[in-house]
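This is the structure, below, for whatever I ask next.
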Amino acid sequence: MQHKPMVHIVDDDDAVRESLHMLMQSEEIPAQTYASAEDFLDQHAQSKLGCLLLDVRMPGMSGLQLLDLLKKQDVTIPVIFITGHGDVGMAVQAMKSGALDFIEKPFDSERLLEVVNKCLSDCVTLESTNELRHEIAAKMALLTKRERQVMDLLVEGKQNKVVAQELDISPRTVELHRSKVMDKLCAHSLSEVVRAAMLISEHR
Amino acid sequence: MLELEKLSRQALLEQVRLLKTQLAKGSDTSNTETLMHDLRMHQIELEMQKRGLREAQQQLEQTRDLYAELYDFAPVSYVTLDEKGIIENINLTGAAMLGKARAQIVGQPFSKWIVKSDVSRIFSHLRTTLQLDVKVTDELRLRSASGQLYEVRLESIRSRNAINKPFVCRCIILDVTEYNRAKNEVTRQARQLRLATDALPVLIAYIDEYEQHLFANKMYTDWFAVAFDDITGKSLSKVWGKNNYLKISAHLKNSLSGMQVTFDMELPLNDNQIKSVNMTLIPDIDTDKHVCGVIALISDNTDRFEIEALDRKRLLDAAHISRLSSMGEMASEIAHELNQPLAAISIYSDACRRMIKSGKGGQDSVIQSLIDISSQAERAGAVIRRIREFTSKKELSLDMTDINELVQETVQLLAVELRSHNVQLTLSLENGLPLICVDKILIEQVIFNLIHNAIEAMNSIEESQRLLQINTSAGGKNEIEVSIEDSGPGLPVEQIKQIFTPFHTTKADGMGLGLAISKSIIDAHQGRLWAVSNETSGTIFSFTIPIENLEEDSAT
């Protein structure tokens, strides 16, 4: 069992933590829970296999701080962040810090399991990532110059209103551009746009 | 012949007896002799009559002198005027009043001493007196020779010196200067009292021991719609109306037995207004310890109550707006706090669905998940309830409250903020504190503001150094004290003085109302709110709330 890949769930909220544990159990995915980043650091030494499901906001050491620390220790466990709904800034920061992905609360269980399974089945290869990048790059190429500008600003976590001001266009136009961007990238939410943008930018 | 004049009465009577016997003996004597005898007898009798008359005259003269003395030295002035108003006679008192010797006065017109404007009145007085056979009275002013002014009352009747003589006017002159002065003084005092009592914003009345009004000021008569001049002698029950009278009759009885009483009451008036009044009854006790009546003082508190209610409403409104704005500032924290249970619910229910669908996991796990779901729903509900209560707008409602419960409830409301700012909280709540009578939401708002400020004050320091300590204790005498201590950088002394002023803020996004409203809230609860700061160990905000003395409360 020691060597079996496992999901490490780090969240200070008992209910969220336990519910994630239950979800993993329902899919028979081995999982271990920790109430804080510190707890994880204390206990995870035996097994660095699997993936880390990490809450961004926690008292004491935050999720991002833990990620930095792991990087410094050369621990390469893939990290999936849990962020609050609409917390784009935090999501961007997480991706920039090297998170594999992020997932918003409340959860879309399907997507969560998909991401987790992907991690665990070790399909996060350089190759598949590259393939994905190509795919996204192809979609991005379809964006007009203005759409691209709008997307970049949104990905920085700026609100429609602010984007409108900076580009000197109306908020309504920003909304139009935004929905075009989402159409062209086949994204269902702003989070997906962020994710795509981050994958591309890492490569650039 | 004997000198009859020189004989005594007894000797004269003896002479008469002798003559009578001589006459009887000498009946045969001549006629001349008889005649001589008769004459002699007449002479003697005449002498006796003459003496009687003289005595009578002497007595009369004595009486006359007595009357003259009385006339002259009587303490009132007498003057006799003829039909032209010339002074025929005047007593010494009168002469002294006019300031001249009697001889210089008699024969002068009386009008000479009368003040010019009253001269016509003396003549009409004289005319009336001479025409009518009654006593005529008048008041006028006269001036003595030395210039002294007298106010006098004339009381005159007509009289004749002799049957054939014309009527004269006999007149008593009474000096009423002092009397009038005293009378004027009384009137003046009464007028001043009236002026003063009418100007006072209270109702004043004097009620005698028979419960009748002797005096009332204008406000009193206005309120009870009684004509100002009619109030004297009117009974209390009539002026107040039966129902109002019944409300105060017991108090009145107490006051009439010598007690001073004060009480509040609602006083419906004729014009359908209802006044909130405070009434004080002060017994008027004379030197024999007899209660002659009571002075009733009534002050109108209706406006004051209205102003107080208005002030209270303003504070409640401001506090409400401030709570709403606090919640607005916390929107993302609230969203996050709600997100936790919602996320858990969503995952649990997905897990359940999967377990049931796949048949894995077993019934126990499913049941446990369902239990967890419902407790998470309750958790979300509790968050919403707390916020809703905190932001609700209610009338002021005072309840006996456990301060420690209130602190814990407030901490719950701020749990997410505390967590997201990584603040380490220590609660040091004294056990067994007495309950305090407060508006829960308002005091919760104060604690909320103080914790919220403390959290913000610590933004600039290292996360690991952010310490928040909340203490409750029995403070001074009859009060409880709550203090909120942060480990922030502290406030300079100049700023401490200003922090409670409205619109003073050190924050970029704040309104600067939180502390000002908190202070108003604590003031309204008769407590104190203050801050102590030094630049090494942060700031301590403390407030006290007095412990209500319930016995005292129920007594008033």
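Just so it is clear, the model here is predicted, and its values are computed rather than measured. To find a chain, count down the sequence lines: A is the first, B the second, and so on, and within it residues start at 1.
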Q.
Just verifying a value: how many Å separate B/Ile347 CD1 and A/Leu20 CG, rounded to the nearest 0.5 Å?
A.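 Output value for this atom pair is 4.0 Å.
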Q | Atom pair CG (B/Asn339) and CD (A/Glu104), whose distance is rounded to the nearest 0.5 Å | A | 9.0 Å
**Q.** Leading residue by heavy atom contact count with chain A [cutoff under 4.5 Å; candidates B/Arg354, B/Met355, B/Gln368, B/His336]
**A.**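 Highest number of pairs under 4.5 Å: B/Arg354.
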Q: Assess whether atom CD of B/Glu409 is packed by more than 12 heavy atoms of other residues, nucleotides or ligands within 6.0 Å.
A: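 More than 12 within 6.0 Å, yes.
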Q) Quick one: do A/Arg57 and B/Glu333 make a salt bridge, cutoff under 4.0 Å? A) no
Q) Measuring from A/Asp11:CG to B/Gln340:CD, what's the distance to the nearest 0.5 Å? A) 6.0 Å
(Q) Among A/Asp12, A/Ile82, A/Asp13, A/Val16, which residue has the highest count of heavy-atom pairs closer than 4.5 Å to chain B? (A) A/Asp13
Q. From A/Leu113 CG over to B/Asp350 CG, what is the distance, rounded to the nearest 0.5 angstrom?
A.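 The CG atom of B/Asp350 is 8.0 Å from CG of A/Leu113, to the nearest 0.5 Å.
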Q: Kindly check if the number of other-residue, nucleotide or ligand heavy atoms within 6.0 Å of NZ (A/Lys180) is above 12?
A: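 No, because the 6.0 Å sphere around NZ of A/Lys180 holds 12 heavy atoms or fewer from other groups.
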Q.
I'd like to know which of A/Met58, A/Glu27, A/Gln25 tops the heavy-atom pair count under 4.5 Å against chain B.
A.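 Winner by heavy-atom pair count: A/Glu27.
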**Q.** For chain A, which residues of residues 369-380 of chain B have heavy atoms nearer than 4.5 angstrom
**A.** B/Ser369, B/Gln376, B/Arg379
Q.
On a heavy-atom basis, which atom in A/Ser26 and which in B/Ser358 lie closest, and how many Å separate them?
A. O-OG, 4.5 Å
Q. Is the count of non-hydrogen atoms from other residues, nucleotides or ligands lying under 6.0 Å from A/Gln159 atom CD greater than 12?
A. no
